[in-house]
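All residue numbers in this chain count up from 1 along the given sequence.
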Amino acid sequence: MIPVRIVDFSAYPAGRDEKDGPFNGKKFRDEILVPAIRKAIETRDKVLVILDDVKSYGSSFLEEAFGGLVRVSHFKRSELESVLEIRAERPVYNTYKRQIENHIKKAPTSDR
């Protein structure tokens, strides 16, 4: 299991890209999530994304980071289902978990 604690990236992740600040969804996706997912696919492992302990999440951060896995990084939803586990240990974070699942489910794809 490859653990990814979003709070280790930032306690206040927000925004879509660089113009929105240093802890944006694009940076998190490209520098943290994509390498972890590629490694998990290669090694037949899983990536465990832990949502807890972040002060708040911007919706654009979540869409860019997670919807962007399909829309920009061109992962198949089936690949993500097999390697990506989103965990909300405290109930307050379940809303964000559902948002992430929705962003992945509804992200436009290039028929890959």
Between [X] and [Y], which heavy-atom pair has the shortest distance, and what is it?
{"X": "Ile6", "Y": "Pro13", "result": "CG2-CG, 4.1 Å"}
{"X": "Pro35", "Y": "Asp30", "result": "CD-O, 3.4 Å"}
{"X": "Leu51", "Y": "Ala88", "result": "CD1-CB, 4.3 Å"}
{"X": "Val47", "Y": "Ala40", "result": "CG2-CB, 3.7 Å"}
{"X": "Val70", "Y": "Ala107", "result": "CB-CB, 3.7 Å"}
{"X": "Leu80", "Y": "Ile37", "result": "CD2-CD1, 3.9 Å"}

Contact check, side chains of [X] and [Y], non-hydrogen atoms, under 4.5 Å:
{"X": "Ile100", "Y": "Val49", "answer": "no"}
{"X": "Phe75", "Y": "Ile41", "answer": "yes"}
{"X": "Lys97", "Y": "Glu101", "answer": "yes"}

Test of understanding: clusters of I, L, V, M, F, W, Y form through side-chain heavy atoms closer than 4.5 Å, transitively. Do [X] and [Y] belong to the same one?
{"X": "Tyr12", "Y": "Leu33", "result": "no"}
{"X": "Ile50", "Y": "Val92", "result": "no"}
{"X": "Ile86", "Y": "Leu48", "result": "no"}

Supply the atom-to-atom distance Arg98 CZ to Thr95 OG1, rounded to the nearest 0.5 angstrom.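 Nearest 0.5 Å value for the CZ-OG1 distance: 4.5 Å.
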From Glu89 CD over to Asn94 CG, what is the distance, rounded to the nearest 0.5 angstrom?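 Rounded to the nearest 0.5 Å, the CD-CG separation comes out at 11.0 Å.
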Could you label the plane-to-plane angle of the Phe28 and Phe61 rings as parallel, tilted or perpendicular, counting under 30° as parallel and over 60° as perpendicular?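 Ring orientation of Phe28 relative to Phe61: tilted.
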Mind telling me whether Tyr57 and Tyr93 have parallel, tilted or perpendicular rings, with 30° and 60° as the class edges?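 Plane angle over 60°, so perpendicular.
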Salt-bridge test for Glu79 and Arg77: reply yes if a basic N is under 4.0 Å from a carboxylate O, no otherwise.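 Salt bridge: no.
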Asp17/Lys27 under salt bridge (Lys or Arg N to Asp or Glu O under 4.0 Å): CA gap, chis, key distance, verdict: CA-CA 7 Å; Asp17 56 34; Lys27 182 176 182 178; over 6 Å; no
Any donor and acceptor pair, going by atom type alone, linking the side chain of Asn24 with main-chain N or O of Gly15 inside 3.5 Å?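 No; judged by distance alone, with no hydrogens or angles, the pair does not exist.
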Is the backbone N or O of Ile2 less than 3.5 Å from a side-chain atom of Lys46, with the two atoms forming a donor-acceptor pair by type?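 No.
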For Asp45, give me all partners under salt bridge (charged side-chain N to carboxylate O under 4.0 Å, His left out), at least two apart in sequence or on another chain.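 Checked Asp45 against salt bridge (charged side-chain N to carboxylate O under 4.0 Å, His left out); zero matches.
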Contacts of Glu63 that satisfy salt bridge (charged side-chain N to carboxylate O under 4.0 Å, His left out) - sequence neighbours left out: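 Once residues adjacent in sequence are excluded, the partners of Glu63 under the salt bridge (charged side-chain N to carboxylate O under 4.0 Å, His left out) criterion are Arg16, Arg71.
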Just one of Lys26, His103, Arg29 clears the side chain to side chain donor-acceptor pair (under 3.5 Å) bar with Glu64, so which one?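 Among Lys26, His103, Arg29, the one meeting side chain to side chain donor-acceptor pair (under 3.5 Å) with Glu64 is Arg29.
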Could you walk me through whether Asp53 and Arg90 pass the side-chain contact (heavy atoms from CB on, under 4.5 Å) check? CA-CA 9 Å; Asp53 301 322; Arg90 293 181 36 219; 3.8 Å; yes
Which is it for Leu84 and Leu69 under the side-chain contact (heavy atoms from CB on, under 4.5 Å) test, yes or no, and what are the steps along the way? CA-CA 11 Å; Leu84 189 62; Leu69 290 172; 4.1 Å; yes
